[in-house]
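I have placed the structure first, in the form of C-alpha cells, so that the comments after it can refer back to it.
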Amino acid sequence: MWYSVNFIKKIERNDSLILVILGNLGHFRHSFIMIIDKLKIITSNFDIPPDRIDLSIGQPGTSLLPLAALAQAAQHCLSQDNSYILAYGAEKGNWYFHNALAGFLSEQYKLSVNPDHFFTTTGISQGLDFICRLFTRPGDTIFIEKPTYSLALGIFTDHRLNVVGLPMDEDGLIIETLEEELAHQTPVFIYTIPTFHNPTGHTLSAARREKLVQLSREYNFLIVADEVYQLLAYTGMPPAPMAKYTQAATVLSLGSFSKILAPGLRLGWIQTHPDLMKRLTTTGLINSGGGLNPFTSAIVQSAIELGLQEKQLSHLKKVYLQRKNALNSALRENLPDSVSFVDSDGGFFTWLQLPQSVDAEKLLPEAHKHDVSFAPGSFFSPRRDLKNYLRLSFAYYEESELKEGAERLASVINRNSS
Ligand SMILES: Cc1ncc(COP(=O)(O)O)c(C=O)c1O
C-alpha cells in the first residue's frame, strides 16, 4: 500500500496546528485531519485539557515566542568569524554578550550599566540555586516576602533552608517588619521580587529600596533581587531596579530573557559587585565547564545588536497591556464586590483576595469542571496559608480567552462566596 499527498492545508488555531491532508491511499482518494498540539510540543512541563483556560500559566503564550527574530539572530551570529562561541566560555560569560546587554539595559533602566558586573546564568532559577549553594548551608535562615514566587520555595527547600516570610503591602516588603525581625535574627539573604512582584503585582517603592540596602549593610546580609519583570512596565516607569545598588557588595540582581524573549533559551544574568562576582566564578562547576551558555548568549547578543530584542520587548508590552486590561475588566464586570484586586502596571499577574471564608484550593475541582484554572494563594506561602487568595496570569492567553476564563471563574466564585 502506498500513500501520495496531493494537498495540505495548514490552519493555525489557538495553540494547535491543524493539517488537512488530501491524498491517495493506494488507488482510493483519501483525506484526513492531523492536529498537532503545539502546546504539548513546546511546553512539555504541563499538560492542559484542550477546553480548559488555565489562568495559572505564567509564561508567554506560544504565539508570542519570536521564532523568526531568533532565526535572524542565529543566522547573523553564525555568519560571523567567531568560532570562539563554540569553545568553553569565560568564567563570567561572554564579554561581547555582556557589553551588548549592558547597552540594552542602560537604555531600558536609564542607568549606566557596567558590562564587567555581569555573570551569565541559565536563567533566574539556576542563578537562585547557585546562590543558595554558594552562600548558604542547610539550616541557615533566609527571609522572603509573603507571598512569594512559588517555585523559588522549591529551590529553598532543596537547600534545606529555614524560610521566614515577611509581610508586604501595595508598596512591597514592609520595611518596619523587616527591622523588627532583624532585631531577633539575621538572615544569610533576603529574596525579593521588587518590581511587579509574583504573585501580587506590587512594586517596592524607591524609598524602601534605599532603606533595604542600608539595612543589608548595617546587618550584613545579602539582597537577592529577582528582577524578572523589571522591564515589563506597561504604563509608566517603575523605580530604578535593585541593580542600581550593586556598588553595595550586598546586592545580587538577577535578570532573565525568559519573559522578554523566550524561556526556552535558558539564559539570564546576575549583576553584582566584583567581590561577590569572585565568589560566583571561583567554583568547581565554572572551573570545569567554563562560563554558562556561551552559544545561546552569542545568539542573544546578535538579537540585541540587531535591535530585535528591543522590538520584541515593545511588542510584548503592547500585547500584555491589552491582555491585562481584558482580564481585569472582565473580572471587574463579573466578580462579586466581596472579591478585590489591585490593577498592576506591569508583569504577568492579577492577585485576587476572596472573602475570608473561601479556600481557593478547594474551589479548584469545581473550577476544573467548568474548564478554568488558577493558582491558589497557598502555593505562594511556605506555610501554605493565604488560603483566600488566588493568582491569575494574563500572559499566556489571547484577550477573548481571558475574558471567557474570567467569566467562568467568576461564576464559580459567585456560587461559593455567598
Ligand atoms: C519571580 C520569578 N522568578 C523567576 C522565574 C523563572 O525565571 P527563569 O525562567 O529565568 O528561570 C519566574 C517565572 O515565572 C518568576 O515569576
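When a ligand or atom number is given, it counts from 1 through the structure's own listing order. Computed from heavy atoms alone, side chains included, the values below leave out hydrogens, waters and symmetry copies.
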Taking the six-membered ring for Trp, are Phe119 and Phe130 closer than 6.0 Å centroid to centroid? yes
Can a non-hydrogen atom of His197 be found less than 4.0 Å from any atom of ligand 1? no
Considering Ile155, Asp226, Leu151, Thr192, which one's heavy-atom position lies nearest to atom 2 (C) of ligand 1? Asp226
Under 4.0 Å from any heavy atom of Gly123, which atoms of ligand 1 are there? 10 (O), 11 (O)
Considering only the protein, which heavy-atom contact is closest to atom 7 (O) of ligand 1, and what is its distance? Ile124 CB, 3.8 Å
Which part of Arg266 is near ligand 1, with near meaning a heavy atom under 4.0 Å away: side chain, backbone, both or neither? side chain
Less than 6.0 Å separating the ring centroids of Phe118 and Trp95? no
Minimum heavy-atom separation for Asn162 to Gly139, with atom names? CB-O, 3.9 Å
Taking 4.0 Å as the limit for heavy-atom contacts, which would you say applies to Gln126 with ligand 1: side chain only, backbone only, both, or neither? neither
Atoms in ligand 1 flagged as close to Tyr229, the criterion being non-hydrogen separation under 4.0 Å: 1 (C), 14 (O), 15 (C), 16 (O)
In the protein, which heavy atom is nearest to atom 6 (C) of ligand 1, and how far is it? Tyr149 OH, 3.5 Å
What protein heavy atom lies closest to atom 9 (O) of ligand 1? Include the residue and the distance to one decimal. Ser258 OG, 2.6 Å
The protein heavy atom nearest to atom 11 (O) of ligand 1 is Ser125 OG, 2.5 Å
Sub-3.5 Å donor-acceptor pair from the side chain of Thr121 to the main-chain atoms of Trp269, do we have one? yes
Have Gln185 and Glu181 got a donor and an acceptor in their side chains that come within less than 3.5 Å? yes
Can you give me the closest heavy-atom contact between Arg208 and Asp171, atom names plus distance? NH1-O, 3.3 Å
Just let me know how Pro263 lines up against ligand 1, side chain, backbone, both or neither, with a heavy-atom cut-off below 4.0 Å. neither
Can we call the ring centroids of Phe143 and Phe221 under 6.0 Å apart? no
Do Arg383 and Ser378 have side-chain atoms, one donor and one acceptor, less than 3.5 Å apart? no
Closer than 4.0 Å to some heavy atom of Asn198 - which atoms of ligand 1 meet that? 1 (C), 15 (C), 16 (O)
Closer than 4.0 Å to some heavy atom of Ser256 - which atoms of ligand 1 meet that? 8 (P), 10 (O)
Could you tell me the residue and atom name of the protein heavy atom closest to atom 13 (C) of ligand 1, and the distance to it rounded to 0.1 Å? Lys259 NZ, 2.6 Å
Phe349 N/O under 3.5 Å from ligand 1 N/O: no
Do the side chains of Arg408 and Glu404 get close enough for a salt bridge, i.e. N-O under 4.0 angstrom? yes
Over all atoms of both residues, closest heavy-atom pair of Phe374 and Ser56: C-CB, 3.6 Å
